[in-house]
Structure formats: C-alpha cells, structure tokens
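A short write-up of the structure that comes next.
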Amino acid sequence: MAPDEEELSINEQAISASEDEGSDDERKHKKLLEAIGSMGGRKRKKQNERSEASVQVSEYFVNAEGTGDKVNLSDLLGTVEKTSGASNKTKKQLRNLQSSKETLELPLNKQQTEKIQRGIAYEKTTAEVSCWKNIILQNQKAEQMVFPLNQESSGPKRVEQVVAGWKVQTPLEQEIFRLLHGSRQPVNDPVLTPVEEQSLKAMSLEEAKIRRAELQKARALQSYYEAKAKREKKIKSKKYHKVQNKAKRKDFLKQFDEMVKTNPEGALEELKKMELSRMEERMSLKHQNSGKWAKSKAIMAKYDDSARKAMQEQLQMNKDLTQKMVVPSDDEHESIEEGLETVPDFVNDPETVIDPVNPWMRGQLTHEEPEVSCVTAEEVQTAEEENEEEEIIGEFERKRKLRQADEEDLIPTEEEQPASEVVEEDVVEVSDKEEEDEDEEEDVSEFNTLFRLMRSEKTREGSNQTRGGLNTAGEEDEEGLLSEGQIRVRSIEDLEVLDEVVEPRAIEEPSAPQTAAAEATSEPPHKKKREINLKEVLTKEAKAVRLPFLPTVVDEEERDEQISIIKEAFAGDDVISDFIKDKSRQEAAGRPAVVDLTLPGWGEWGGVGLKPPRWKRKRFRIKTAPPPPRQDQKLPDVIISEKRTASVASHQVSQLPFPFQNTAQFESSIRTPIGSTWNTQTVVKNMTKPKVVTKLGAIIEPMVKEDFIKSKTTAAGGKGAAIMLGENRRAKEGTKRSAEKHRGRRSQKRKK
Amino acid sequence: EASDFCLYWKWRHLYVPRNYDPTLHPFEVPREYTRALNATKLERVFAKPFVASLDGHRDGISCITKHAKSLSTIISGACDGEVKVWNLPRQECLRTVQAHEGFVRGICSRFCGTSFFTVGDDKTIKQWNWEAPGYGVREEPINTILGKAVFTGIDHHQREGTFVTCGQTVDIWDEQRSSPIRSFSWGVDSFSCVRYNPVETELLASCASDRSVVLYDTRESAPLRKVIMQLRSNTLCWNPMEAYYFTCANEDYNLYTYDIRHLDVPVTVHMDHVSAVLDVDYSPTGREFVSASFDKTIRIFPKDKGHSREVYHTKRMQHVICVRWSADNKYVLSGSDEMNIRLWKANASEKLGLLSAREKAATHYNKKLIEKFQHHPQVRRIARHRHLPGDILKQKRELREMREAQRRKEQNVRKHSKPGSVPLLTEKEKHVVAVVE
C-alpha cells in the first residue's frame, strides 16, 4: 500500500499546485501523469479526485503527516500520561506494555477449539438428560405401567364433558344458561369446581393425581363430618347437649389460653366476641329465673331439691355469662355448631403446604390436633386402612403356616419357629408396658412391625449361615438363554417327547462327581461281569484281613489276638453277606414298582379262577420311568442313601435362583398360592396384575417432556408457587398488562 | 375402573360364598405347580406368531415406516425405488408410487400423519401426500429437494417441521427450505443411519462408516461426542420411554444398549444372532426391542437382558433388512430380501382380539404362574424351547466354538505373560475401541 499512498500524496500536491495556474498546464500535467502511470505496466485503480475545494471533505482522502509510519502506543495513549485522572497503576501497565517485546500467543487451532466446544455441549446435554433419571427409575420399579401414558380416565363420563359442543338456542335456554353460568356455581355437582380445575392445570400429571386423591379424601371426610353434625343435631336429649356444650367450653378455654400466648390478635377478637355475648346476656332475661319454667320451678323449689338445684344453676349461668371474665358464651357454641355444617374453607383452597412423603396428612379435618406426634398418627391410620379382607387373609396365612409347621416339625429348617415365638411374647410384654392406654389396633400394628423386624433379622442370620452351603445360581446367562433346537412343538405330546429327549442329561449330572471313585475301582462296564466280580471281590478273608482297625504300632501278637477276638465276637453272623443283601434290598426299593391297574371282570366275564387276558394286563400295567442310576452303583462296599426320589427330583429346583438371598425366601415365594382357589377375588386380581397394560387399538406415543418434567421456572418457584390458582395467575397477568400499558403511554408521550 | 369391582350387584344372585379356609384346600403348591406346567405347555403350543405376509414388491424391501396417526397403515420402500402404502387389517396394497431411481433408502412419516418423506439413491428427498391422488391424476410428490450426494437415511422431528437426513454429512432441514439449515460432519465420509430422540427431541444419533456412533444436539453448532466400536453399527434406535438409552445394531452379530451419559461402556450387550444385525426397533412401551438380522431371523430382546426372549423365522424368509414394532405394542413387521413384508405377533402365544373378563383373568393368572415357577426345571425347559432351522443351529454351534477358542487363547496368553500385562476385559468392555470427545 505504501507506494499507492505516495502516489496519492503526489497527486494531491500536484492538484493543489495546479489550481492556481491555468487549465492548460493542468491538462498537460494530467497527461504526463497518465503516461507515467501507463509505464508501470499494470493498471492502477482510478482514485476519486477532489478537483474543487469544497466544504465537505471525504474522510477517506484526508492525509496525515506521518502516513506509512507505524503507530505507536504512545501516539494513541500519550495523553494519558499527562491527564491527572488516570491512575498510576494504568500508567505503569501501559509503560510495561510498551517496553515488552513479546508477541501474543497464537489462538488455539480449530481442532482444539472444536473439541472444547464439543466437551461443553456434551456436558450440557448430559445434565439436561439426567433430569429423566428419577422418572425412569420410577417406571422401572412400578408394579404396573399403563400405556398410553396420558390416558383419559375410562368409564362413564359426565354429561357436561360429553355435550361440550352443545349450544343454547331458544331464548329460555339462553336465560337459564346465563343464570347458571353467570353465578359460576357448579350446576350439578361437577367433578371439579372451576377453581380446582384451574389449579389442576397448573400442576404436572403426577402432582395432579396426588392432589385429586387428596381432594377426594377431603370431600369424603367433609361428608362424614356433615353427616356426624346432622346426626348430633338430631339428638333430642338435652342432657347430651349440655354435656357437649360443657366439654366444648372446656376445650375452648384451653385453646383460648394457648391462643393468648401464640396468637394474641386472634385472642383479642375472641374476647370481643365474648364481650358482645356478655352484653346480650345482660340485655336478655334468659337466665334470670323470670320465665314460665322458672316460675313453676320456684313453686316446686320448696319441696323439690332438684328444682332448687336447677334454678340455682340458671342463676349461676347468668353470673358466669355476665361476669367480665374470659368466659365463652352460649352464642359461641352455637356458632361452632353451625360451623360444623358449613364446608370448611380450605377444601376448595389451593394447597399451601406440600408434604411429599404423605399427601394424606395434609387435610386437617381429623379431630386430632396437628401437634400430635406424626409417627403414631400414621401408624394408627395405616392400621385403620387395612381392610377386613386383608385381615382375613392374614389370618388364613397364619393358620396355614401353623399347620405347615405342625406337619413339618421334623424338618430342621423350621427350628427357628419356637425362638421367634418367644420373641413374640417378649415383644407383647414390652408393648404392654409402654402403652397400655392406646387402642388395640395400634398395639397390633406395632406388634406386627416389631415381629416382622425380628423375623427379618432372624432370616438374615439364617441366610448368613446357609450361604456357605448354598451355591447361588451363578449362571444368569444360562437362564436367559433360549434352548434352541430342531424340534418343533405343535402339540402337548411334542412337549412330552421334548421332556424325554432332554431328561437324560439332567439325570446324569448328579452322578458326575462319583466318576473319580468309579475309576479307582476300575470296574468293567458290563453289568453281568460286574456281578461276577462283586462276588469275587467280596470274600470273607480279604475283607477281614485288610481292614486297618488299629494303629500299626501294635505288636503282631497283639494284633493277632485282636483279630481272633473280633472273629470270636462276630462268629455267628455273616456281616458281608448281610451287607450285600441290604444293598440289594435298597436297590430294589429304589426301583419304581409297576402299577397294575387292571380291573378283572371289566368288559368281560369275571369270577373265581378267571384271569384278565394278557392284552389287558399289558395295557393297564403302567411302568414309570426308571430312576437315574444309583450313586453307589459302582461302589461295591458302600451304600449311599437315595431317599431323594428321582422322579420328584427332576421337578425340583436344584440351585437357588438369582434374586433370592436364601432358600427360606424362595420357599416362601413358592408357598404362597396366587390362585382364586385360595384367595379372594380382589387379592387374586392384585396378585396377578400384569406389569404392562396396553389399550387395544391405541397408539402409544413416546413420552412428552412437558408432561413429566416441569419447566425450570415453576420448579424454582418453590412449594408455594408450584400450584398457582387461576385467579392469581390472572391477577399477575393483569399487572403485567397494566405495566405494558403504562410503558406504552410513556412511549407515546415521548413521541409527542 | 369398572372391572376392578369383583362383585357386581347384578350378579349378586349368582354369587356363591366361598370358604377360603386353607385346611379345606390342601396341596396348594403341587396344584399350582401342575397348573403352571400346563400353562407353560399351552403357551408353547399356542405360540403361533406369524400373522400375515404382504407381497407385491418386485425387489427386496429396504425400509418400512409406520403411519404416525393410524395403526392400520404402513409404507414400505423397495430396492427398485418403489414405495407401497399398505392397509394391514385388509392385508392389501393401497397405493404404489415409483418414488426414486435406484434404492429407496429411507422413509419417514411426518408427525401429523399428513405426508411422508422418502430419500433415494437418486440424490433426492421427496415429500408425498398420505392421501392418494384422485382418479386419473398423476402421482407426484408435494416437494422435491435435489441434494449433492446420496442420502442414506431420514428421520422426522417429533413435533416440529424439521427433518434430518444422512449421507456424506448429517443435515438438518426445514420443511420450507430447499437447503439444509445445518450440517454436521466430523471427519467421516458417510453415515448409514440417523435418528431423532423421540423424548429429548433435540437430540440426534447417527451411525457412521468409521465404526462410530455420533451424538448431536441440534441446538449446538458441533456434534457432541462419538464412540468408536470394533465393527460398524448399521442402525440404531432410541428408547421411546427412557430418554438417554439407545440401542445400536452392529455388524459383529450383537446389539449394544448405551447410556449417552456414559458412552465408554455399553449398558448391555445383547447377543444371540449369528450374523450381522441389520435393523432394530423399540417397542412403544420401551420395555423390549426387536432386531432383524442377516441370519434370516428376527429376535425380540428385553431391553435389559443379554439374550433374546423370542426368535421368529420361517422357511421362506431370507435376510431380514428392516423391522418395526407397531405403535400399539401388539405386532412386529419385518421386511426381507425376498420381497415380502411379514406381520408377526409381538407376543407369540397371545390371543388376538377382545378378551372376555374371564379370559383376561385366566391369561393373567397363567402368566403369573409361569413367572412364579419359572425357576423349576421342567417349566423352564419347556418355556425356553424354540425351534431353529438346522443351518442357523450349526452356525450357532460354530460361533460358540469360536468364542470358546478365543477365550482359551486369551487365557493362555494371560497365563504366559507378566501378571497384569494382559488385562481381564468383560464382554461389555471388549467392543468399545474409543470414545472421542
């Protein structure tokens, strides 16, 4: 650029010089310049030229003195040194900068910057995606999932929901419609009031479900409450009401005392009310013994003690009421009674406090005070919530267990039973001492939980003991694998065939460990030969001589003596032949007997001396499958007991399956029946509930983020803001709108 | 729900009170065991998964897509560029379109179910109306976009008017524009499959030819991360109910389920196929997925199990190229080399159609019984038995031998080398080569 700029400056100078002289010179000069320009060979860009002096000077063609020189920092910031406003620190920094000769570091190359960008983006998305974690876990653990996820509730719908598109036509209808909807009153007990609906809209699905359940509960409680109030109101007994009133008064006094401490303003209001009632009392003649009743009583009072008492009571009442003390009045009680019939306000109110643990505890309609420790309250509730059916079932369960315990007394695994029973008794005693005055139900529930705890501990110990002996199924993969083969299954008979094909392998397994021993004896494989060999091997002498009964240190003489003694002792009996007999007997017992089901005389002549024909015997004699070979088959001098029947063994589980910790757990899971033969219908329904339920013919859409994860703004709002009433929202929107209006006005003003 | 009440007042007069005293109903375990065994046998006997075969294509089926709003409609694209729209209940072809020259590489339906997109070997993206044109009107696409390179796959956004294609790059398109609004590439020359995450709708994943699976976020300018495996992945599918899991079908006969937050080790390795796995699709419930393989079988895997629960095959079905699970979780569709689309039941022994309350209760009870006694050898053996053609069995045996040999060799190497120099790798760790940031 430097030569260009020089050119320019030359031009400018030339122009400025030529302006004074005549136009001819100017033209010549121009030509000259052009000639010089063309000599260069390359065409220069034509520059704009300012040929006339004008007011507006283009900034692009202003020339400075030092064109082409490098700009120094001092040129730009030289003034900073002189100004007093700049701090010394900046000045120093500037000076340092000027003196330093180092070059700046190169920016990171593209690959690296991209890598960093990717890293950041990945972190961001993983964080975003992780918000699904809870929902996914919850769904995985859920006992039942119903798809499509956001289903409308099935079942009968309300008329309002069905005829949403209906429009009023006749003037009468319009009139009625206006009346009904103008008041925003629920016309015929809708599912939700408008306010509730709006608040529901502000919530997510899960929350809405909880909220709805809670509302239902509240409404149920309210109806109970109403019913109770009605019932009490109907009671005619004056005495009853008197007692009630007294109790209430007492309660009220107690509450008032507390109120003075905690809520002085409320107490003041109460006081005012009392003052009012006092005034009313003083105005009226109610308790002054001046009525008809009082006059009649006054006559009787001379003779009747009770009448006198009644009169005195009336006077006392008057005194109490007119006293300038903190005493509740009659009206107060009436108002309370009236309050019972009206709906408590908070039923329709938006929820203020969210207790994520137990949504049921939010309603405070129960008689208990909120200060009552929540643990016991919960327990009581849970105990109450158990319906009769479950109790019955529990009873049956206990019975069944007891019966099984009786039957299986001999089985060593049941030895834990007595110990746990002892524990039960202890627990009962403890609980008795601790809380005698509480109701039975609570006792029972407490006992149950404790008992369960003890049981679980016991079983845990048991598992620790047994784990050594048991080998948990290590081959999960094996279980997951399909056993694929070339056999096609078309009928049940095929399945039976399949049984037979696969069975031998299963049977051979138990005998596998014996192979080593079998090899040691080195028996020939043929059966007949083996029998012969057996007799050869088991001769009396061979056996007697080679048994090392005693330590070898003993002298030979002594040994001989010993042998002779033994021989004498067992002179009579033939031990070895006994052993062989015993073994053969056991083998025979282990062999399954042929079952003969022939019925003589069935379908032919019968009578004495007549045998059923051969075909029949053949047909009705049922042979069961031979058991697997005995474990002591190849060990002539050993009897291994095979009490475990082979035919059953093929149906038994040999290894502890994966999710179970110990055999007791697994057994109990098998022992509880799920069929309707043993359980009530509802229980069966609950137990056989499928894990995934889909609706026939409905498209299952993937999850929608908005339904499950609330946006961050509402989540950050905290407990109170999570549910926002429609009215509140509208109010907020209103404020927004008004603010906008204001802004608009302001801007308009500015424009003016 | 009405069916939750067990005792209808209407039937009150028919109700027989029952004594549930356990002493009156002895032998509960043996009786239930017998029932379980019978239920298992019946389940196997009734396992007839094949429903129908749709024939009409004149070349191998290359892709299938479900209609977004209708259960009864599907579209299939063939290797000769033909696209067919099918009606499933009537088992007939409604419409045939010669959409592309060469393969139809990918089809996707718009989320609203009004139109669908196809991409083909002729470097075009075409948008078609779901409605067939009137009589005598020519079959023409609503929109055609000419690209620079061949597109190999396409997928549409779950709720917005954008779609993504893959080929030499992964391009994100606006439906209104004829050029991509963004394209991603990361040193790879071609991609075989790209899928939108149906839950976190801005996430994308693609399978690339450098044996990698690459993740993208459409809001970011660069791809997120990629994981390189030992062999190439053919396709992948996101779990529609669990936002951060996807499963990819690999050339090494396995399928891998990944958690995108921890890409270095797959969550589960699903192995059972004996040849390359070509396609995978999740059930809409997100509990299971179905995979199609070059070994002429379809297998159904539970999402968290290493082995399949079901294998489908027929004599005439050749290499299965594409597979889809129907949106009502009842059926599986497979398209194979020999020009047929097959409709299978997702649950082989399930009775189709409406069930009466008693039937429903009985099936639930039977299912529960089988589940309860699943560890008993007889039940397990019967429940696990499947028929397989001889050649696949042979391959399976061969494969097992190969694996065993490899294992043995590795053991020997470890035995004869310095302790610690040959690390023990689990099956999950073996297949991931690297995770690139």
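Below, chains carry the letters A, B, ... as their sequence lines are ordered, and counting in each starts from 1.
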Item to check | Audit row: A:Lys115, B:Glu437, side-chain contact (heavy atoms from CB on, under 4.5 Å) steps and yes/no | outcome: CA-CA 6 Å; A:Lys115 190 179 176 184; B:Glu437 285 187 14; 4.2 Å; yes

Item to check | Best-contacting candidate, B:Ala383, B:Ala222, B:Pro240, against chain A by heavy atom pairs under 4.5 angstrom | outcome: B:Pro240

Next on the checklist: If you define the side chain from C-beta out and look only at heavy atoms, does anything of B:Glu220 sit under 4.5 Å from A:Gln117?
Outcome noted: no

Checklist entry - B:Tyr245, B:Trp186, B:Trp238: which one forms the most heavy-atom pairs within less than 4.5 Å of chain A? => result B:Trp186

Checklist entry - Would you say the side-chain atoms of B:Glu32 pair up with the backbone N or O of A:Gly675, donor to acceptor, closer than 3.5 Å? => result yes

Next on the checklist: So, taking the atom named NE2 in B:His364 and the one named NZ in A:Lys689, what distance separates them when rounded to the nearest 0.5 Å?
Outcome noted: 11.0 Å

Item to check | NZ on B:Lys66 to CD1 on A:Ile699, rounded to 0.5 Å | outcome: 9.5 Å

Next on the checklist: Walk me through whether B:Leu369 and A:Ile674 qualify under side-chain contact (heavy atoms from CB on, under 4.5 Å).
Outcome noted: CA-CA 8 Å; B:Leu369 276 180; A:Ile674 51 175; 4.0 Å; yes

Checklist entry - Are the side chain of B:Tyr365 and the backbone N or O of A:Lys685 linked by a donor-acceptor pair below 3.5 Å? => result no

Item to check | Check: B:Tyr244 main-chain N/O paired with A:Trp132 side-chain donor or acceptor under 3.5 Å | outcome: no

Checklist outcome for this item: The side-chain hydrogen bond (donor to acceptor under 3.5 Å, both in side chains) partner of A:Glu484 among B:Arg386, B:His387, B:Lys396 is B:Lys396

Checklist outcome for this item: Comparing A:Thr677, A:Thr126, A:Leu696, A:Val692 against chain B, the one with the most heavy-atom pairs below 4.5 Å turns out to be A:Thr677

Next on the checklist: Working note: B:Lys41 + A:Glu493, criterion salt bridge (charged side-chain N to carboxylate O under 4.0 Å, His left out); need CA distance, chi angles, decisive distance, verdict.
Outcome noted: CA-CA 10 Å; B:Lys41 285 177 181 175; A:Glu493 283 74 47; over 6 Å; no

Next on the checklist: With chain A as the partner, which of B:Asn329, B:Val379, B:Asp217, B:Ile260 has the greatest number of non-hydrogen pairs under 4.5 Å?
Outcome noted: B:Ile260

Next on the checklist: Determine whether a donor-acceptor pair (N or O, by modelled atom type, separation under 3.5 Å) exists between the side chain of B:His385 and the backbone of A:Leu495.
Outcome noted: no

Checklist outcome for this item: Max heavy-atom pairs within cutoff under 4.5 Å with chain B, candidates A:Arg490, A:Glu128, A:Lys691, goes to A:Glu128

Checklist entry - Is atom CD of A:Glu143 surrounded by more than 12 heavy atoms (other residues, nucleotides or ligands) closer than 6.0 Å? => result no

Next on the checklist: Let's test your reading of the structure: which of A:Pro690, A:Gly697, A:Ala127, A:Cys131 forms the most heavy-atom pairs below 4.5 Å with chain B?
Outcome noted: A:Pro690

Checklist entry - Considering only heavy atoms from C-beta outward, does the side chain of A:Val129 approach that of B:Val199 to under 4.5 Å? => result no

Checklist entry - Of all of B:Lys330, B:Arg287, B:Lys367, B:Arg44, which one pairs up most often with chain A through heavy atoms under 4.5 Å apart? => result B:Arg287

Next on the checklist: Can you tell me which portion of B:Arg299 sits under 4.5 Å from chain A's heavy atoms? Options are side chain, backbone, both or neither.
Outcome noted: side chain

Checklist outcome for this item: Under 4.5 Å to a heavy atom of chain B? For A:Ser676 that would be backbone

Item to check | Engaged part of B:Lys360 at the chain A interface, taking heavy atoms whose separation is under 4.5 Å | outcome: neither

Checklist entry - What is the distance from atom CD1 of A:Ile136 to atom CE of B:Met241, rounded to the nearest 0.5 Å? => result 11.0 Å

Item to check | Working for side-chain contact (heavy atoms from CB on, under 4.5 Å), residues A:Lys705 and B:Thr201 | outcome: CA-CA 9 Å; A:Lys705 196 174 183 183; B:Thr201 47; over 6 Å; no

Checklist outcome for this item: If you tally heavy-atom pairs under 4.5 Å between each of B:Lys48, B:Glu371, B:Lys69, B:Gln374 and chain A, the highest tally belongs to B:Lys69

Checklist entry - Would you say the side chain of B:Glu202 lies within less than 4.5 Å of the side chain of A:Thr125, judging by non-hydrogen atoms? => result no

Next on the checklist: Do A:Ile670 and B:Phe373 make a side-chain contact, defined as non-hydrogen atoms from C-beta onward lying under 4.5 Å apart?
Outcome noted: yes

Checklist entry - Hey, does B:Gln378 have a side-chain heavy atom less than 4.5 Å from the side chain of A:Ser650? => result yes

Next on the checklist: Counting C-beta onward and ignoring hydrogens, is there a side-chain heavy-atom pair between A:Lys124 and B:Arg219 closer than 4.5 Å?
Outcome noted: no

Checklist entry - Taking C-beta and beyond as the side chain, do A:Met145 and B:Thr285 meet within less than 4.5 Å on heavy atoms? => result no

Checklist entry - Are B:Arg261 and A:Lys133 side-chain neighbours, meaning at least one heavy-atom pair lies under 4.5 Å? => result yes

Checklist entry - Is it the case that more than 12 heavy atoms not belonging to B:Leu354 sit under 6.0 Å from its CG atom? => result no

Checklist entry - Can you tell me how far the CD atom of B:Glu242 sits from the CE atom of A:Met703, to the nearest 0.5 Å? => result 7.5 Å

Checklist outcome for this item: Answer key: most heavy-atom pairs under 4.5 Å with chain A among B:Pro302, B:Gly353, B:Pro223 is B:Pro223

Next on the checklist: I need the B:Lys394 NZ to A:Gln486 CD distance, nearest 0.5 Å.
Outcome noted: 10.5 Å

